[in-house]
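Beneath this line is the structure, given in structure tokens, with notes to follow.
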Amino acid sequence: MLERKKFGISTISIHGEIKDKSYRSVVYPIYQTSTFAVEKSDDYQRFIDETEDFYIYSRYGNPTVREVERKLALLENTDDAILFSSGMSAITTTILSFVKAGDEILSLRSIYGVTYRFFRDHLANFGIKVNFVEIDEVDDLENFLTEKTKLIYFETPVNPTTRIVDIQKIINIARKNNLLTIIDNTFATPVNQNPFDLGVDIILHSATKYLSGHSDLILGCVMSSEEKIKKIRSVKNVMGGNPDPHQAFLLSRSLKTLEIRVKKQNENAQKLAEFLAEHKKVKKVFYPGLNSHPEHEIAKLQMKGFGGMLAFEIDGGLERAKKFCDSLKIALNATSLGSVETLVSIPVLTSHIRMSQDELEKAGISESMVRVSVGIENIEDLIWDFEQALDKI
Ligand SMILES: *Cc1c(COP(=O)(O)O)cnc(C)c1O
């Protein structure tokens, strides 16, 4: 097993796999099975004793899934990882592993829409209260803590404004108050940001996005210390958010190109952001790699790359934003992100459709805002596409 501290992301994601002992196949096999036969009836005891590499039923564990879990842990530099059937399954299972009725969670309000709904609408049914803070209130985070607060939950960069949360500030407050910290690191990826190295306890991803990177599967994962992963795994075994071995194989394959994909996405996003910032029909561009970004300096400190997500406001209203998106010839108008193809979406019509005017204002989202997940196409072609679509409005 390769050590993350010693080797780079691509080396790890290509060579960090468990080797197939049976036939020395270069690629780890897909164990497409729900169950595993024991040699002797007494063997079940071995599973209960938690012996490594011993499988009895695929909800509890599967070798192909395990192979990618090991690799995911290496990428975020944690002890261990769990693969889930979706990002939401990873999020809900992880949260429910650490809170009980009467506890409270402190969360940034600007988080993935469905996570927000889980926090606001569903956790209340279990007697768990979530207190939300705005990104500009992070400096005063301590004022929002109560005796019952158990954990702090956040994302950075924030969707869709790409605002940056100062991870160190959150860690300092969490450590002082003995709170667990959980970050959704989907937007940044392990290539651009390593929260575990900065002191965050638990890292979550929608592996549907950059980690898989080809818009062809739904998966999620969580990375953390051995002790915390053990706890979450025992809850997962009951809740049943286990992934399919074939999808796990596809993810393992995708991880081999994670670094080159994300580096190209960073590069393309920077160039597209610079092009848009100069365009007369564009009012404002939101990208952490621009000097005009409010947290450009924090991004430089805590990130290794500025990411492939950007947003911009078109001069005009929703109709012009729609006309722009409908005029693109290469980029696709679709929800989701992180894939090899460039995707655009209008947040008020997609990710933020259920939000009130007040919530939209607090999140800094306007009607004419277009979010872009920049792909790995040739940048000249993307700029050509955006230019011709802007010409049409
Ligand atoms: C997509 C997404 C999720 C949810 O993941 P699924 O794989 O769709 O369940 C969670 N967090 C962020 C930041 C996302 O973009």
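Side-chain atoms are counted along with the backbone in the values below, which use heavy atoms only and exclude waters and symmetry mates. Remember, it's a predicted structure, so these values are computed and weren't measured experimentally. Read the numbers this way: they start at 1 and go in the same order the structure lists the ligands and their atoms.
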In terms of the angle between their ring planes, are Phe249 and His246 parallel, tilted or perpendicular, with boundaries placed at 30° and 60°? tilted
Is the closest heavy atom of Ile91 to ligand 1 under 4.0 Å? yes
Among all protein non-hydrogen atoms, which one is nearest to atom 7 (O) of ligand 1, and what is the separation to 0.1 Å? Thr208 OG1, 2.6 Å
Among Glu155, Met309, Met88, His205, closest by any non-hydrogen atom to atom 9 (O) of ligand 1: Met88
Between the side chains of Lys100 and Asp103, is the shortest nitrogen-to-carboxylate-oxygen separation below 4.0 Å, so that they form an ion pair? yes
heavy-atom search around atom 14 (C) of ligand 1 in the protein gives Lys209 NZ, 3.0 Å
Check this for me - ligand 1, Gly87, N or O atoms closer than 3.5 angstrom, yes or no? yes
In terms of side-chain geometry, is the basic nitrogen of Arg163 or Glu295 positioned less than 4.0 Å from the acidic oxygen of its partner? yes
Considering only Ile, Leu, Val, Met, Phe, Trp and Tyr, and joining two whenever side-chain heavy atoms are under 4.5 Å apart, list the other residues clustered with Leu343. Leu332
Protein contact of atom 5 (O) of ligand 1 - nearest heavy atom, named by residue and atom, plus distance: Ser206 OG, 2.9 Å
Could you establish whether Leu337 and ligand 1 come within less than 4.0 Å of each other, counting only heavy atoms on the residue side? yes
How far is atom 12 (C) of ligand 1 from its nearest protein heavy atom, and which residue and atom is that? Asp184 OD2, 3.4 Å
Return yes when Asn159 approaches ligand 1 closer than 4.0 angstrom through a heavy atom, no otherwise. no
Leu219 neighbourhood, listing ligand 1 atoms whose heavy-atom distance to it stays under 4.0 Å: 7 (O)
Can Gln270 and Tyr287 be said to form a side-chain contact (heavy atoms from CB on, under 4.5 Å), step by step? CA-CA 8 Å; Gln270 183 75 38; Tyr287 185 64; 3.3 Å; yes
Asp315 side chain to Val282 main-chain N or O, any donor-acceptor pair under 3.5 Å? no
Looking only at protein heavy atoms, which one is nearest to atom 4 (C) of ligand 1, and what is the separation? Tyr112 CE2, 3.4 Å
Just grab all the ring-ring contact (aromatic ring centres under 6.0 Å, His included) pairs involving residues 370-389, residues at least two apart or on different chains. Phe324-Phe386
In terms of relative ring orientation, are Phe119 and Tyr153 parallel, tilted or perpendicular, with 30° and 60° separating the classes? perpendicular
